[in-house]
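Position 1 is the first residue of the sequence, and the numbers go up from there.
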Amino acid sequence: EWKATWDSLQNGDTWCSVCSGNKNYMEHRIAVIRAIIESKNGSLISHGTFLKEGIVVQCERGHRWKARAEHLRNGHWCGKCAVMARKLSN
């Protein structure tokens, strides 16, 4: 399963990465997300299928949550740690 627009399917721009011969696409995507997570001293617990189940991430304090790849790429991180940081700064 993957996201595609009707136009991209008609134009041949998007198709299943496995069937199209690009089997390394998902491995590359996982590696990019893993690098983002590890740069914040976190751990990738489970990646399921990015589009359906989301990603289970653990921060360095042990908090676990489901995240979306695009949120991690945009800098979003552990909500519990963010709340704790706000409380400490007040």
Please set out all donor-acceptor pairs under 3.5 angstrom arising from side-chain atoms of residues 56-63, sequence neighbours excluded.
residue : atom : partner : partner atom : Å
Gln58   : OE1  : Arg64   : NE           : 2.7
Gln58   : OE1  : Arg64   : NH2          : 3.1

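- By the 30° and 60° cut-offs, the orientation of the rings of His71 relative to His76 is tilted.
- For Arg73, the side-chain contact (heavy atoms from CB on, under 4.5 Å) test picks out Ile33, Ile36, Ala69, Glu70, with sequence neighbours left out.
- The two residues Ile37 and Ser43 have their closest heavy-atom pair at CG2-N, 3.4 Å.
- To the nearest 0.5 Å, the span separating OG on Ser46 from NZ on Lys66 amounts to 8.5 Å.
- The line from SG of Cys81 to NZ of Lys40 is 11.0 Å long, rounded to the nearest 0.5 Å.
- Atom CD1 of Ile55 sits about 8.5 Å away from atom CD1 of Ile30, to the nearest 0.5 Å.
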